[in-house]
Amino acid sequence: MLDPKLIRETPDAVRAAIAKKHLEVDLDAVLAIDAAWRALLHEVEALRARQKGANAEMAALPKGSPEFIAKVGEMKAVSAQAKERELALKETEEKFKQAMLSVPNLPHASVPEGRTPEENVVYATHGEVTAVSPSALPHWEIPGFEKLFDFARGAKVTGAGFPFYVGDGARIVRALLHFFLDEDAKAGYTEVNPPIFVNAASATATGQLPDKEGQMYETTPDQLYAVPTAEVPLTNFFRDEIVEESALPIYRCAYTPCFRREAGSYGKDVRGLNRLHQFDKVELLKWVHPSTSYDELDKLRLDAERLLQKLGLPYRVLLMCGGDLGFSQSKKYDLEVWSAGQKRWLEVSSCSNFEAFQARRAQIRFRSKDTGKPELVHTINGSGLAVPRVLAALLENNLQADGRVKIPAALVPYFGKEYLTFA
RNA sequence: GGAGAGGUGGCAGAGUGGUCGAAUGCGCGCGCUUGGAAAGCGCGUGUUUCCGCAAGGGAACCGGGGGUUCGAAUCCCCCCCUCUCCGCCA
(Lines give C-alpha, C1' and ligand atoms only; values in the text may rest on other atoms or scores of the structure.)
Protein backbone atom coordinates (compact mmCIF):
# COMPACT_ATOMS: atom_id res chain seq x y z
CA MET A 1 0.00 0.00 0.00
CA LEU A 2 1.14 3.51 -0.76
CA ASP A 3 1.08 6.35 1.71
CA PRO A 4 -2.38 7.92 1.37
CA LYS A 5 -0.80 11.31 2.00
CA LEU A 6 1.35 10.90 -1.08
CA ILE A 7 -1.72 10.44 -3.25
CA ARG A 8 -3.56 13.24 -1.50
CA GLU A 9 -0.74 15.76 -1.71
CA THR A 10 1.05 14.90 -4.95
CA PRO A 11 -1.43 13.07 -7.15
CA ASP A 12 0.24 14.10 -10.39
CA ALA A 13 3.61 12.70 -9.37
CA VAL A 14 1.90 9.44 -8.39
CA ARG A 15 0.06 9.34 -11.70
CA ALA A 16 3.30 9.80 -13.63
CA ALA A 17 5.05 7.07 -11.67
CA ILE A 18 2.21 4.60 -12.20
CA ALA A 19 2.28 5.37 -15.92
CA LYS A 20 5.81 3.99 -16.00
CA LYS A 21 4.38 0.64 -14.94
CA HIS A 22 1.79 0.83 -17.71
CA LEU A 23 -1.03 0.12 -15.31
CA GLU A 24 -4.48 1.66 -15.32
CA VAL A 25 -5.52 3.18 -12.02
CA ASP A 26 -8.40 5.55 -11.43
CA LEU A 27 -6.68 7.90 -9.03
CA ASP A 28 -9.48 10.44 -9.22
CA ALA A 29 -11.87 7.88 -7.79
CA VAL A 30 -9.46 7.25 -4.93
CA LEU A 31 -9.18 10.97 -4.26
CA ALA A 32 -12.95 11.40 -4.32
CA ILE A 33 -13.45 8.65 -1.76
CA ASP A 34 -10.72 10.17 0.38
CA ALA A 35 -12.45 13.55 0.37
CA ALA A 36 -15.81 11.99 1.25
CA TRP A 37 -14.19 10.03 4.05
CA ARG A 38 -12.64 13.10 5.60
CA ALA A 39 -15.92 15.02 5.47
CA LEU A 40 -17.68 12.17 7.28
CA LEU A 41 -14.87 11.89 9.78
CA HIS A 42 -15.38 15.50 10.82
CA GLU A 43 -19.10 14.96 11.33
CA VAL A 44 -18.58 11.85 13.41
CA GLU A 45 -15.85 13.37 15.51
CA ALA A 46 -17.95 16.44 16.28
CA LEU A 47 -20.84 14.23 17.39
CA ARG A 48 -18.59 12.12 19.53
CA ALA A 49 -17.05 15.16 21.13
CA ARG A 50 -20.57 16.27 22.06
CA GLN A 51 -21.33 12.89 23.57
CA LYS A 52 -18.16 13.01 25.58
CA GLY A 53 -18.94 16.46 26.89
CA ALA A 54 -22.45 15.42 27.89
CA ASN A 55 -21.07 12.36 29.61
CA ALA A 56 -19.01 14.50 31.98
CA GLU A 57 -22.01 16.71 32.75
CA MET A 58 -24.29 13.77 33.41
CA ALA A 59 -21.80 12.12 35.71
CA ALA A 60 -22.06 15.15 37.98
CA LEU A 61 -25.89 15.18 38.02
CA PRO A 62 -28.01 13.16 40.45
CA LYS A 63 -29.23 10.07 38.61
CA GLY A 64 -33.00 10.57 38.64
CA SER A 65 -33.09 14.36 38.59
CA PRO A 66 -35.21 16.20 35.99
CA GLU A 67 -32.04 17.72 34.50
CA PHE A 68 -30.57 14.27 34.11
CA ILE A 69 -33.68 12.89 32.45
CA ALA A 70 -33.83 15.86 30.11
CA LYS A 71 -30.22 15.29 29.15
CA VAL A 72 -30.83 11.64 28.39
CA GLY A 73 -33.61 12.62 26.02
CA GLU A 74 -31.41 15.14 24.32
CA MET A 75 -28.49 12.78 23.96
CA LYS A 76 -30.64 9.97 22.60
CA ALA A 77 -31.07 11.96 19.42
CA VAL A 78 -27.36 12.73 19.23
CA SER A 79 -26.53 9.09 19.80
CA ALA A 80 -28.81 7.95 16.99
CA GLN A 81 -27.29 10.45 14.63
CA ALA A 82 -23.76 9.47 15.61
CA LYS A 83 -24.54 5.82 14.96
CA GLU A 84 -25.95 6.56 11.55
CA ARG A 85 -23.00 8.72 10.52
CA GLU A 86 -20.53 6.24 11.94
CA LEU A 87 -21.96 3.53 9.76
CA ALA A 88 -21.54 5.73 6.70
CA LEU A 89 -17.99 6.49 7.77
CA LYS A 90 -17.17 2.83 8.11
CA GLU A 91 -18.54 2.02 4.69
CA THR A 92 -16.52 4.81 3.14
CA GLU A 93 -13.43 3.72 5.02
CA GLU A 94 -13.82 0.21 3.64
CA LYS A 95 -14.21 1.59 0.12
CA PHE A 96 -11.09 3.69 0.58
CA LYS A 97 -9.11 0.71 1.78
CA GLN A 98 -10.19 -1.33 -1.22
CA ALA A 99 -9.33 1.55 -3.54
CA MET A 100 -5.90 1.91 -1.94
CA LEU A 101 -5.22 -1.79 -2.42
CA SER A 102 -5.70 -1.27 -6.13
CA VAL A 103 -2.95 1.35 -6.29
CA PRO A 104 0.42 -0.21 -7.20
CA ASN A 105 3.79 0.60 -5.72
CA LEU A 106 5.77 3.25 -7.57
CA PRO A 107 8.85 2.31 -9.58
CA HIS A 108 12.26 3.64 -8.58
CA ALA A 109 13.90 6.29 -10.78
CA SER A 110 16.52 3.77 -11.91
CA VAL A 111 13.90 1.44 -13.41
CA PRO A 112 14.13 1.50 -17.22
CA GLU A 113 11.18 2.52 -19.37
CA GLY A 114 9.40 -0.27 -21.18
CA ARG A 115 6.16 -2.14 -21.49
CA THR A 116 6.96 -5.77 -22.27
CA PRO A 117 9.44 -8.42 -21.07
CA GLU A 118 11.42 -7.84 -24.27
CA GLU A 119 12.26 -4.39 -23.00
CA ASN A 120 13.93 -5.63 -19.83
CA VAL A 121 17.57 -4.66 -19.70
CA VAL A 122 20.26 -7.34 -19.67
CA TYR A 123 22.19 -5.97 -16.74
CA ALA A 124 24.99 -8.56 -16.65
CA THR A 125 25.91 -11.97 -18.04
CA HIS A 126 28.18 -14.49 -16.34
CA GLY A 127 29.73 -17.63 -17.80
CA GLU A 128 29.95 -18.85 -21.37
CA VAL A 129 26.71 -20.04 -22.83
CA THR A 130 28.51 -21.49 -25.86
CA ALA A 131 30.84 -23.50 -23.61
CA VAL A 132 28.11 -25.99 -22.76
CA SER A 133 27.35 -28.83 -25.15
CA PRO A 134 25.36 -27.85 -28.23
CA SER A 135 23.93 -31.37 -28.34
CA ALA A 136 22.60 -31.23 -24.81
CA LEU A 137 19.14 -32.64 -24.18
CA PRO A 138 16.18 -31.08 -22.43
CA HIS A 139 16.35 -32.66 -19.00
CA TRP A 140 13.13 -34.63 -19.45
CA GLU A 141 14.63 -36.37 -22.49
CA ILE A 142 17.73 -37.56 -20.65
CA PRO A 143 17.62 -41.37 -20.58
CA GLY A 144 16.46 -42.55 -17.18
CA PHE A 145 15.13 -39.15 -16.11
CA GLU A 146 11.73 -40.54 -15.14
CA LYS A 147 13.32 -43.00 -12.69
CA LEU A 148 14.79 -40.20 -10.59
CA PHE A 149 12.00 -37.69 -11.20
CA ASP A 150 8.80 -39.68 -11.26
CA PHE A 151 6.07 -37.42 -12.57
CA ALA A 152 3.72 -40.26 -13.49
CA ARG A 153 3.50 -41.61 -9.99
CA GLY A 154 3.32 -38.11 -8.59
CA ALA A 155 0.32 -37.51 -10.83
CA LYS A 156 -1.28 -40.71 -9.61
CA VAL A 157 -0.71 -39.95 -5.96
CA THR A 158 -1.44 -36.24 -6.01
CA GLY A 159 -1.73 -34.65 -9.43
CA ALA A 160 0.30 -33.17 -12.28
CA GLY A 161 3.22 -31.07 -11.12
CA PHE A 162 3.83 -33.01 -7.91
CA PRO A 163 6.75 -35.28 -8.80
CA PHE A 164 8.43 -37.88 -6.64
CA TYR A 165 12.19 -37.41 -6.38
CA VAL A 166 13.83 -40.81 -6.05
CA GLY A 167 17.36 -41.94 -5.21
CA ASP A 168 19.94 -39.53 -6.64
CA GLY A 169 17.00 -37.29 -7.57
CA ALA A 170 16.04 -36.86 -3.94
CA ARG A 171 19.67 -36.64 -2.92
CA ILE A 172 20.50 -33.83 -5.35
CA VAL A 173 17.54 -31.79 -4.11
CA ARG A 174 18.67 -32.19 -0.53
CA ALA A 175 22.26 -31.37 -1.48
CA LEU A 176 21.23 -28.15 -3.24
CA LEU A 177 19.07 -27.01 -0.34
CA HIS A 178 21.78 -27.74 2.17
CA PHE A 179 24.35 -25.94 0.01
CA PHE A 180 22.12 -22.90 -0.44
CA LEU A 181 21.35 -22.61 3.26
CA ASP A 182 24.99 -22.96 4.25
CA GLU A 183 26.10 -20.34 1.75
CA ASP A 184 23.32 -17.98 2.79
CA ALA A 185 24.31 -18.40 6.43
CA LYS A 186 27.89 -17.48 5.50
CA ALA A 187 26.53 -14.32 3.86
CA GLY A 188 24.93 -13.33 7.17
CA TYR A 189 21.37 -14.60 6.83
CA THR A 190 19.88 -16.23 9.92
CA GLU A 191 18.15 -19.47 9.05
CA VAL A 192 14.47 -19.74 9.86
CA ASN A 193 12.17 -22.72 9.57
CA PRO A 194 8.72 -21.14 9.25
CA PRO A 195 5.16 -22.48 9.18
CA ILE A 196 4.17 -23.50 5.67
CA PHE A 197 0.54 -22.62 6.15
CA VAL A 198 -0.47 -19.03 6.81
CA ASN A 199 -3.69 -17.28 7.70
CA ALA A 200 -5.55 -14.73 5.60
CA ALA A 201 -4.09 -11.75 7.46
CA SER A 202 -0.56 -12.86 6.57
CA ALA A 203 -1.44 -13.55 2.94
CA THR A 204 -2.98 -10.09 2.73
CA ALA A 205 0.03 -8.36 4.24
CA THR A 206 2.37 -9.68 1.55
CA GLY A 207 -0.12 -9.07 -1.26
CA GLN A 208 -1.29 -12.61 -2.14
CA LEU A 209 -4.75 -11.54 -1.10
CA PRO A 210 -7.12 -10.14 -2.12
CA ASP A 211 -6.62 -10.79 -5.82
CA LYS A 212 -4.27 -13.76 -6.11
CA GLU A 213 -6.17 -16.29 -4.01
CA GLY A 214 -6.62 -18.45 -7.10
CA GLN A 215 -2.87 -19.08 -7.06
CA MET A 216 -2.78 -20.56 -3.58
CA TYR A 217 -3.89 -23.90 -2.20
CA GLU A 218 -6.41 -23.30 0.52
CA THR A 219 -7.37 -25.64 3.32
CA THR A 220 -10.85 -26.31 4.58
CA PRO A 221 -12.25 -25.98 7.13
CA ASP A 222 -9.43 -23.97 8.70
CA GLN A 223 -9.03 -21.35 5.97
CA LEU A 224 -5.26 -21.57 5.87
CA TYR A 225 -3.15 -21.10 2.78
CA ALA A 226 -0.22 -23.27 1.71
CA VAL A 227 2.66 -20.85 1.23
CA PRO A 228 3.54 -19.99 -2.39
CA THR A 229 6.94 -18.84 -1.11
CA ALA A 230 8.71 -18.52 2.23
CA GLU A 231 8.49 -14.77 1.69
CA VAL A 232 4.97 -14.88 3.13
CA PRO A 233 5.61 -16.35 6.59
CA LEU A 234 9.05 -14.72 6.77
CA THR A 235 7.83 -11.19 6.05
CA ASN A 236 4.97 -11.62 8.49
CA PHE A 237 7.35 -12.57 11.29
CA PHE A 238 7.51 -8.91 12.30
CA ARG A 239 3.98 -7.98 11.30
CA ASP A 240 2.48 -5.33 13.61
CA GLU A 241 5.77 -4.90 15.40
CA ILE A 242 8.17 -2.06 16.02
CA VAL A 243 11.82 -3.11 16.00
CA GLU A 244 14.77 -1.12 17.30
CA GLU A 245 16.57 0.91 14.66
CA SER A 246 19.85 -0.57 15.88
CA ALA A 247 18.56 -4.03 14.95
CA LEU A 248 18.45 -3.09 11.25
CA PRO A 249 19.31 -4.45 8.81
CA ILE A 250 17.87 -7.87 9.62
CA TYR A 251 18.90 -10.71 7.28
CA ARG A 252 16.99 -13.97 7.26
CA CYS A 253 16.72 -16.98 5.00
CA ALA A 254 14.29 -19.85 4.98
CA TYR A 255 13.77 -23.08 3.13
CA THR A 256 10.19 -24.15 2.49
CA PRO A 257 8.40 -26.19 -0.07
CA CYS A 258 6.38 -23.76 -2.19
CA PHE A 259 2.88 -24.47 -3.43
CA ARG A 260 1.42 -22.82 -6.50
CA ARG A 261 -1.71 -23.73 -8.38
CA GLU A 262 -0.34 -22.10 -11.55
CA ALA A 263 -3.77 -21.81 -13.06
CA GLY A 264 -3.48 -20.86 -16.71
CA SER A 265 0.08 -22.08 -17.39
CA TYR A 266 0.70 -24.22 -20.45
CA GLY A 267 3.14 -25.42 -23.10
CA LYS A 268 6.90 -25.65 -22.88
CA ASP A 269 6.93 -23.62 -19.68
CA VAL A 270 5.50 -26.54 -17.78
CA ARG A 271 7.60 -29.40 -19.18
CA GLY A 272 9.71 -31.36 -16.73
CA LEU A 273 11.03 -29.36 -13.80
CA ASN A 274 10.32 -25.96 -15.33
CA ARG A 275 7.10 -25.29 -13.48
CA LEU A 276 5.70 -27.36 -10.63
CA HIS A 277 2.86 -27.11 -8.19
CA GLN A 278 5.19 -28.03 -5.36
CA PHE A 279 8.87 -27.12 -5.38
CA ASP A 280 11.66 -26.39 -2.94
CA LYS A 281 13.14 -22.96 -2.53
CA VAL A 282 15.34 -21.00 -0.17
CA GLU A 283 14.23 -17.42 0.20
CA LEU A 284 16.36 -14.47 1.30
CA LEU A 285 14.70 -11.62 3.11
CA LYS A 286 15.87 -8.34 4.54
CA TRP A 287 14.26 -5.69 6.70
CA VAL A 288 16.30 -2.53 6.25
CA HIS A 289 16.44 1.17 6.98
CA PRO A 290 14.87 3.10 4.09
CA SER A 291 18.09 5.01 3.42
CA THR A 292 19.99 1.82 2.61
CA SER A 293 17.45 -0.25 0.75
CA TYR A 294 18.90 0.07 -2.76
CA ASP A 295 22.39 -0.84 -1.60
CA GLU A 296 20.90 -3.76 0.25
CA LEU A 297 19.02 -4.86 -2.85
CA ASP A 298 22.26 -4.98 -4.84
CA LYS A 299 23.97 -6.92 -2.07
CA LEU A 300 21.16 -9.42 -1.87
CA ARG A 301 21.28 -9.92 -5.63
CA LEU A 302 25.03 -10.58 -5.43
CA ASP A 303 24.44 -13.10 -2.64
CA ALA A 304 22.06 -14.99 -4.94
CA GLU A 305 24.43 -14.66 -7.90
CA ARG A 306 27.29 -16.15 -5.93
CA LEU A 307 25.34 -19.40 -5.59
CA LEU A 308 25.12 -19.77 -9.36
CA GLN A 309 28.77 -18.86 -9.73
CA LYS A 310 29.82 -21.54 -7.25
CA LEU A 311 27.73 -24.07 -9.13
CA GLY A 312 29.44 -23.00 -12.36
CA LEU A 313 26.17 -22.30 -14.14
CA PRO A 314 26.01 -19.59 -16.82
CA TYR A 315 23.42 -16.97 -16.00
CA ARG A 316 22.33 -13.45 -16.74
CA VAL A 317 20.85 -10.65 -14.68
CA LEU A 318 17.83 -8.79 -16.01
CA LEU A 319 16.81 -5.39 -14.77
CA MET A 320 13.06 -5.35 -15.16
CA CYS A 321 11.47 -2.48 -17.06
CA GLY A 322 8.50 -0.55 -15.65
CA GLY A 323 5.94 -2.59 -17.52
CA ASP A 324 7.34 -5.93 -16.34
CA LEU A 325 7.62 -4.93 -12.69
CA GLY A 326 5.17 -6.55 -10.33
CA PHE A 327 2.37 -4.64 -8.68
CA SER A 328 4.15 -4.23 -5.37
CA GLN A 329 7.79 -3.85 -6.42
CA SER A 330 9.81 -0.67 -6.80
CA LYS A 331 12.71 -2.34 -8.51
CA LYS A 332 13.44 -5.89 -9.52
CA TYR A 333 16.27 -7.98 -10.91
CA ASP A 334 15.70 -11.47 -12.26
CA LEU A 335 18.47 -14.06 -12.31
CA GLU A 336 18.13 -16.45 -15.21
CA VAL A 337 20.19 -19.58 -15.59
CA TRP A 338 21.11 -20.93 -19.02
CA SER A 339 19.42 -24.21 -19.78
CA ALA A 340 21.63 -25.86 -22.39
CA GLY A 341 19.19 -28.54 -23.48
CA GLN A 342 16.20 -26.24 -23.82
CA LYS A 343 18.34 -23.46 -25.22
CA ARG A 344 16.61 -20.90 -23.09
CA TRP A 345 16.96 -18.88 -19.92
CA LEU A 346 15.14 -20.04 -16.79
CA GLU A 347 14.27 -17.67 -13.98
CA VAL A 348 15.72 -18.94 -10.70
CA SER A 349 15.59 -15.84 -8.55
CA SER A 350 13.71 -12.59 -8.48
CA CYS A 351 15.29 -9.95 -6.26
CA SER A 352 13.04 -7.06 -5.38
CA ASN A 353 12.89 -3.94 -3.30
CA PHE A 354 9.37 -3.29 -2.05
CA GLU A 355 10.37 -0.11 -0.23
CA ALA A 356 7.63 0.53 2.35
CA PHE A 357 4.83 -1.02 0.28
CA GLN A 358 4.72 -4.35 2.11
CA ALA A 359 5.77 -2.80 5.39
CA ARG A 360 2.77 -0.47 5.35
CA ARG A 361 0.36 -3.31 4.76
CA ALA A 362 2.07 -5.43 7.36
CA GLN A 363 2.79 -2.53 9.74
CA ILE A 364 6.45 -3.38 10.21
CA ARG A 365 8.25 -0.41 11.68
CA PHE A 366 11.37 0.68 13.48
CA ARG A 367 11.76 3.39 16.08
CA SER A 368 13.82 6.19 14.61
CA LYS A 369 16.73 7.28 16.76
CA ASP A 370 16.42 10.82 15.42
CA THR A 371 12.73 11.46 15.91
CA GLY A 372 11.82 8.75 18.42
CA LYS A 373 8.86 8.00 16.17
CA PRO A 374 8.07 4.71 14.45
CA GLU A 375 8.80 4.63 10.73
CA LEU A 376 8.15 1.94 8.16
CA VAL A 377 11.04 -0.33 7.24
CA HIS A 378 11.84 -1.30 3.68
CA THR A 379 11.59 -4.97 2.76
CA ILE A 380 13.72 -6.73 0.18
CA ASN A 381 13.60 -10.32 -0.89
CA GLY A 382 14.85 -12.76 -3.47
CA SER A 383 15.33 -16.46 -3.96
CA GLY A 384 18.57 -17.95 -2.87
CA LEU A 385 17.64 -20.11 -4.83
CA ALA A 386 14.73 -22.11 -6.32
CA VAL A 387 15.74 -25.75 -6.68
CA PRO A 388 13.97 -27.30 -9.69
CA ARG A 389 15.17 -24.91 -12.38
CA VAL A 390 18.70 -24.80 -11.02
CA LEU A 391 18.51 -28.58 -11.09
CA ALA A 392 17.19 -28.57 -14.66
CA ALA A 393 20.12 -26.44 -15.80
CA LEU A 394 22.54 -28.56 -13.80
CA LEU A 395 21.30 -31.76 -15.41
CA GLU A 396 21.34 -30.34 -18.92
CA ASN A 397 24.58 -28.38 -18.73
CA ASN A 398 26.61 -31.04 -16.95
CA LEU A 399 25.39 -34.13 -18.78
CA GLN A 400 28.37 -36.24 -19.89
CA ALA A 401 28.72 -38.43 -22.95
CA ASP A 402 28.32 -41.51 -20.74
CA GLY A 403 24.92 -40.38 -19.52
CA ARG A 404 26.02 -39.31 -16.08
CA VAL A 405 25.80 -35.78 -14.68
CA LYS A 406 28.93 -34.20 -13.27
CA ILE A 407 28.32 -32.63 -9.89
CA PRO A 408 29.91 -29.17 -9.43
CA ALA A 409 32.87 -29.26 -7.04
CA ALA A 410 31.13 -26.98 -4.52
CA LEU A 411 28.24 -29.42 -4.33
CA VAL A 412 30.21 -32.66 -4.07
CA PRO A 413 30.60 -32.46 -0.26
CA TYR A 414 26.80 -32.20 0.00
CA PHE A 415 25.95 -34.77 -2.66
CA GLY A 416 28.64 -37.17 -1.53
CA LYS A 417 29.58 -38.31 -5.03
CA GLU A 418 31.09 -36.73 -8.11
CA TYR A 419 28.46 -37.99 -10.52
CA LEU A 420 24.72 -38.36 -10.53
CA THR A 421 23.56 -41.46 -12.36
CA PHE A 422 20.20 -42.27 -13.91
CA ALA A 423 20.62 -46.03 -13.60
C1' G B 1 -11.58 -32.76 21.27
C1' G B 2 -13.77 -31.89 26.70
C1' A B 3 -13.71 -28.86 31.40
C1' G B 4 -11.95 -24.57 33.84
C1' A B 5 -9.11 -19.85 34.25
C1' G B 6 -7.43 -15.70 31.82
C1' G B 7 -6.01 -11.79 27.78
C1' U B 8 -5.47 -3.95 30.38
C1' G B 9 0.23 0.77 28.49
C1' G B 10 7.74 -1.47 27.50
C1' C B 11 6.90 -5.06 31.88
C1' A B 12 4.10 -6.25 36.40
C1' G B 13 -0.66 -5.16 37.99
C1' A B 14 -5.42 -2.30 39.81
C1' G B 15 -9.85 -1.02 37.80
C1' U B 16 -17.29 -4.58 37.30
C1' G B 17 -21.53 1.22 33.94
C1' G B 18 -20.15 7.80 34.06
C1' U B 19 -15.33 13.03 35.42
C1' C B 20 -10.68 6.29 32.82
C1' G B 21 -6.01 6.77 27.96
C1' A B 22 -6.74 4.26 32.45
C1' A B 23 -4.24 3.89 39.81
C1' U B 24 0.26 1.94 41.70
C1' G B 25 5.06 -0.29 41.13
C1' C B 26 9.17 -1.38 37.89
C1' G B 27 11.69 0.21 33.63
C1' C B 28 13.13 4.37 30.55
C1' G B 29 14.27 9.89 29.67
C1' C B 30 15.34 14.81 31.58
C1' G B 31 16.38 17.84 35.83
C1' C B 32 17.77 18.68 41.04
C1' U B 33 21.19 16.59 44.44
C1' U B 34 26.74 14.68 44.29
C1' G B 35 33.72 15.35 43.56
C1' G B 36 31.36 11.28 40.66
C1' A B 37 27.70 7.53 41.19
C1' A B 38 23.78 5.12 43.92
C1' A B 39 19.74 6.40 46.81
C1' G B 40 16.27 10.30 47.22
C1' C B 41 13.19 14.16 45.13
C1' G B 42 10.66 16.60 40.85
C1' C B 43 8.92 16.41 35.90
C1' G B 44 8.05 13.49 31.80
C1' U B 45 7.38 8.79 29.24
C1' G B 46 2.02 4.70 23.95
C1' U B 47 -0.10 4.24 18.99
C1' U B 48 -3.20 5.79 14.94
C1' U B 49 -5.73 9.53 12.63
C1' C B 50 -8.09 14.41 11.29
C1' C B 51 -7.77 19.94 11.23
C1' G B 52 -3.74 23.62 11.43
C1' C B 53 2.14 27.13 8.46
C1' A B 54 2.76 26.51 13.54
C1' A B 55 1.41 26.77 18.48
C1' G B 56 -2.29 23.83 19.43
C1' G B 57 -6.90 21.29 19.20
C1' G B 58 -10.43 17.06 18.06
C1' A B 59 -11.32 11.69 17.66
C1' A B 60 -10.16 6.49 18.16
C1' C B 61 -7.59 2.40 20.55
C1' C B 62 -7.96 -1.86 27.45
C1' G B 63 -7.04 -9.56 22.32
C1' G B 64 -10.54 -9.02 17.47
C1' G B 65 -15.63 -8.23 15.82
C1' G B 66 -20.76 -7.24 16.90
C1' G B 67 -24.67 -5.78 20.50
C1' U B 68 -27.22 -3.31 24.92
C1' U B 69 -27.08 1.92 26.91
C1' C B 70 -27.70 8.90 26.96
C1' G B 71 -22.78 6.76 28.32
C1' A B 72 -18.79 0.39 27.98
C1' A B 73 -11.98 -1.50 29.83
C1' U B 74 -16.41 -2.71 32.90
C1' C B 75 -22.79 -5.91 30.86
C1' C B 76 -24.33 -9.57 26.59
C1' C B 77 -23.05 -12.58 21.99
C1' C B 78 -19.42 -14.61 18.41
C1' C B 79 -14.30 -15.46 17.23
C1' C B 80 -8.90 -15.69 18.23
C1' C B 81 -4.94 -16.59 21.55
C1' U B 82 -2.54 -18.17 26.34
C1' C B 83 -2.47 -21.19 30.80
C1' U B 84 -4.19 -25.62 33.97
C1' C B 85 -6.47 -30.47 34.10
C1' C B 86 -8.48 -34.61 31.16
C1' G B 87 -8.50 -37.18 26.43
C1' C B 88 -5.71 -38.26 21.96
C1' C B 89 -1.08 -38.44 19.60
C1' A B 90 4.05 -37.89 16.03
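A note on names: the letters A, B, ... follow the listed sequences, proteins ahead of strands, and every chain is numbered from 1. These values consider heavy atoms only, across backbone and side chains, with no hydrogens, waters or symmetry-generated copies.
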Q) Across all strands, who's sitting opposite B:A59 as a Watson-Crick or G-U wobble pair, both distances under 3.5 Å? A) B:U48

Q: Pull out every residue in residues 41-66 of chain A that has a heavy atom closer than 4.0 Å to any atom of RNA chain B, ordered by number, or say none.
A: A:L41, A:H42, A:E45, A:R48, A:A49, A:Q51, A:K52, A:N55, A:M58, A:A59, A:K63

Q) B:G46 C1' sits how many Å from A:I242 CD1, rounded? A) 9 Å

(Q) If you assign A:P374 and A:G73 each to the RNA chain B nucleotide with the nearest heavy atom, which residue ends up on the more 5' nucleotide? (A) A:P374

Q. Which base sits across from B:G29 as a Watson-Crick or G-U pair, both distances under 3.5 Å?
A. B:C43

**Q.** Pair A:E74 + A:K71: basic N to acidic O under 4.0 Å
**A.** yes

Q: With a 3.5 angstrom cut-off on both distances, give the Watson-Crick or G-U wobble partner of B:A73, or none if there isn't one.
A: none

Q) Which base sits across from B:C89 as a Watson-Crick or G-U pair, both distances under 3.5 Å? A) none

Q: With ring-ring contact (aromatic ring centres under 6.0 Å, His included) as the test, would you mind laying out the steps for A:Y255 and A:F180 before giving the verdict?
A: CA-CA 9 Å; A:Y255 152 68; A:F180 292 159; over 10 Å; no

Q | A:E183/A:R306 ion pair, N-O < 4.0 Å | A | no

Q: From the options B:U47, B:G66, B:C70, select the nucleotide whose nearest atom is closest to the side chain of A:S79.
A: B:C70

Q: Go through the structure and list residues passing ring pair (Phe, Tyr, Trp, His ring centres under 6.0 Å) with A:F354, not counting sequence neighbours.
A: none

**Q.** Separation of B:U45 C1' from A:R367 CZ (nearest whole Å)
**A.** 11 Å

Q) Is A:K71 touching bases, backbone alone, or none of the nucleic acid, heavy atoms closer than 4.0 Å? A) nothing

Q. CZ of A:R239 versus C1' of B:C80: gap in Å, rounded?
A. 13 Å

Q: Let me know the distance between CZ of A:F68 and P of B:G17, rounded to the nearest Å.
A: 14 Å

Q: For the residue pair A:H277 and A:Y217, categorise the inter-ring angle as parallel (less than 30°), tilted (30 to 60°) or perpendicular (more than 60°).
A: perpendicular

(Q) With a 3.5 Å limit on both atom pairs, tell me what B:C20 is paired to, counting Watson-Crick and G-U wobble, or say none. (A) none

Q: Please list all pairs passing the ring pair (Phe, Tyr, Trp, His ring centres under 6.0 Å) test where one or both residues lie in residues 361-382 of chain A, with sequence neighbours left out.
A: A:H289-A:F366

Q. Given atom CD of A:Q363 and atom P of B:G46, what is their separation to the nearest angstrom?
A. 18 Å

Q | Interatomic distance where CD belongs to A:E9 and P belongs to B:C50 [whole Å] | A | 9 Å

Q) What is the distance, rounded to the nearest whole Å, between atom CD of A:E93 and atom C1' of B:A60? A) 10 Å

Q: For the pair A:F96 and A:W37, name the ring-plane relationship: parallel under 30°, tilted 30 to 60°, perpendicular over 60°.
A: parallel

Q: Using only side-chain N and O atoms of A:K90, determine if any of them is under 4.0 Å from OP1 or OP2 of B:G66.
A: yes

Q) With both distances under 3.5 angstrom, what nucleotide forms a Watson-Crick or G-U wobble pair with B:G9? A) none

Q. Should the pair A:E245-A:R367 be classified as a salt bridge under the 4.0 Å nitrogen-to-oxygen rule?
A. no

**Q.** Counter-base of B:U68, judged by Watson-Crick or G-U geometry with both distances under 3.5 Å
**A.** none

Q | B:C83: pairing nucleotide in any strand, Watson-Crick or G-U under 3.5 angstrom | A | B:G4

**Q.** A:R365 CZ to B:U49 C1', straight-line distance once rounded to whole Å
**A.** 12 Å

